[in-house]
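Reviewing the structure listed below.
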Amino acid sequence: MPELPEVEVVRAGLAPAVTGARVAAVEVRDARALKRHLPTSGDDGLGGHGVTLSEAAAAARSADFERRTAGIRLGAPERRGKFLWIPTSGASADGSPLALLAHLGMSGQLLLRAHDAVDDRHVRIRMWIEHAQHGELRVDFADQRLFGSLALDALRAAPDGVGAVPAQAAHIARDPLDPAFDDARFIAALRSRATGVKKLLLDQTLISGVGNIYADEALWRARLHPDTRGSAIGPRKADELLAVLRAVFAQALREGGTSFDAQYVNVNGQAGYFAHSLHAYGRAGEPCARCGTPIRRVPFGGRSSHFCPRCQRKR
DNA sequence: CAGGTACCCTGGCCGC
DNA sequence: TGCGGCCAGGGTACCT
């Protein structure tokens, strides 16, 4: 469940059960779910993204993660954009605190289950935790497509000096629901670029948490064509776009996120119902809710854009 | 900085 | 019933 509202639903669901809990045991079933986990000994010679691990490197990575995660105590989960992490009692080699970092990718789930609950599909990593109030639970990381991952990562001071963030998420911009998000800075960046506005919204180094669904929805609500250049957007329209984005996120959060199928669920495996409130994504051929013109779907960087050709004219 | 492509994966669905 | 092709909510690397 990948965009900001879905990740936030997971963070909030995890919070009561994991905060203050101790990890009793860890089992890595598929080392491919540790793409972002780099062993302590530094480099195992086979980096992270886009690289297939040798059998030996996979075993080493799994063993390293299991050994270092078992026994640590968990803090309150935090989120930036689509990255989720739990500060822990562990320390990294340079002395910084360790965080348990999660990215759900396209199909990742974090599921809270009873100790003896039956297996969900595609469980790649399992952690048994003990909590003073909630007793013994399992946290299962399930991921069909394996674009998501868990990792232990060093928690460092955030680049803007406010709070701390895992090293691997340091390049990710704050998201628009973050109180420290800098509106003026984002709007200036947006309006200085010749790139299409949708591509800018999806750039996690400018603003985080926005993915294909919510980009299309926000642009529909703001009546902006996805290919409108950032530099063609006036200050008032830019303000409106940011406000609309926040409203979409807030509403999606209230409705438990967007679920098109069983892949996108909260920590209890339940789907959200914001999909019913979408006006553009997944509605190709259906009449625009404002003007009745059929919603169009066009190729966009290996995916699709959905928009109303009448309400969202390219300028 | 802008654009395009390729890749990491599994599985559901559609047409033949 | 089988099979190939296409599609999917993300992120990164590496070209031009």
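Proteins come first, then strands; the chains are lettered A, B, ... in the order of their sequence lines, and each starts at number 1.
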Would you indicate, yes or no, if [N] has its OP1 or OP2 atom less than 4.0 angstrom from a side-chain nitrogen or oxygen of [X]?
X: A:His103; N: C:dG11; answer: yes
X: A:Ser304; N: C:dC7; answer: no
X: A:Lys35; N: B:dC8; answer: no
X: A:Arg193; N: B:dA2; answer: yes
X: A:Thr195; N: B:dG3; answer: yes
X: A:His122; N: B:dG11; answer: yes
X: A:Arg32; N: B:dT10; answer: yes
X: A:Tyr214; N: C:dG9; answer: no
X: A:Arg121; N: B:dG12; answer: yes
X: A:Arg297; N: C:dC7; answer: no

Pairing partner (Watson-Crick or G-U wobble, both distances under 3.5 angstrom) of [N]:
N: B:dC14; value: C:dG4
N: B:dA2; value: C:dT16
N: C:dG9; value: none

Value in whole Å for how far the [atom2] atom of [N] lies from [atom1] of [X]:
X: A:Arg61; N: B:dC8; atom1: CZ; atom2: C1'; value: 13 Å
X: A:Glu3; N: C:dA8; atom1: CD; atom2: P; value: 13 Å
X: A:Lys199; N: B:dT5; atom1: NZ; atom2: C1'; value: 11 Å
X: A:Leu202; N: B:dG3; atom1: CG; atom2: C1'; value: 15 Å
X: A:Met106; N: B:dG11; atom1: CE; atom2: P; value: 15 Å
X: A:Gln168; N: C:dA13; atom1: CD; atom2: P; value: 11 Å
X: A:Asp30; N: B:dC8; atom1: CG; atom2: C1'; value: 13 Å
X: A:Leu34; N: B:dC9; atom1: CG; atom2: P; value: 13 Å

Q: Mind telling me whether A:Phe181 and A:Phe186 have parallel, tilted or perpendicular rings, with 30° and 60° as the class edges?
A: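 Because their plane-to-plane angle lies in the 30° to 60° range, the rings of A:Phe186 and A:Phe181 count as tilted.
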Q: Could you check whether the rings of A:Tyr214 and A:Phe274 sit parallel, tilted or perpendicular, using 30° and 60° as the cut-offs?
A: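 Judged by the thresholds at 30° and 60°, the geometry between A:Tyr214 and A:Phe274 is parallel.
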Q. For residues A:Asp216 and A:His306, is any side-chain donor paired with an opposing acceptor at under 3.5 Å?
A.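 Yes - a donor-acceptor pair under 3.5 Å links their side chains.
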Q.
Is it true that, when you exclude A:Arg290 itself, more than 12 heavy atoms of the residues, nucleotides or ligands shown sit nearer than 6.0 Å to its CZ?
A.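 Atom CZ in A:Arg290 is crowded, with more than 12 foreign heavy atoms closer than 6.0 Å.
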Please measure how far the [atom1] atom in [N] lies from the corresponding atom in [M], and state the result in whole Å.
N: B:dT5; M: C:dC6; atom1: P; value: 15 Å
N: B:dT10; M: C:dT1; atom1: P; value: 25 Å
N: B:dC9; M: C:dG2; atom1: P; value: 27 Å
N: C:dC3; M: B:dC8; atom1: C1'; value: 24 Å

Q) How many angstroms lie between atom CZ of A:Arg246 and atom CG of A:Leu253, to the nearest 0.5 angstrom? A)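 Here the rounded value is 14.0 Å.
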(Q) With a 4.5 Å cut-off on side-chain heavy atoms, are A:Arg193 and A:Arg229 touching? (A)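 A side-chain contact under 4.5 Å is absent here.
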Q.
Any heavy-atom pair between the side chains of A:Lys82 and A:His103 that's under 4.5 Å?
A.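 Yes, close enough: below the 4.5 Å cut-off.
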Q) May A:Phe147 be described as stacking on the base of B:dC9, applying a 5.5 Å centroid limit and a 30° limit on plane angle? A)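 By the stated criterion, A:Phe147 and B:dC9 do not stack.
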Q | Which residue lies more 5' along DNA chain B, comparing A:Ala194 with A:Gly301 via nearest heavy atoms | A |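 Going by which nucleotide is closer to the 5' end, it is A:Ala194.
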Q.
I want to confirm an ordering. Mapping A:His306 and A:His171 to their closest nucleotides on DNA chain C, which one lands closer to the 5' end?
A.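 Closer to the 5' end of DNA chain C: A:His306.
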Q.
At 4.0 Å (heavy atoms only), tell me whether A:Phe260 reaches a base, stays on the sugar-phosphate, or touches nothing.
A.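 Base contact.
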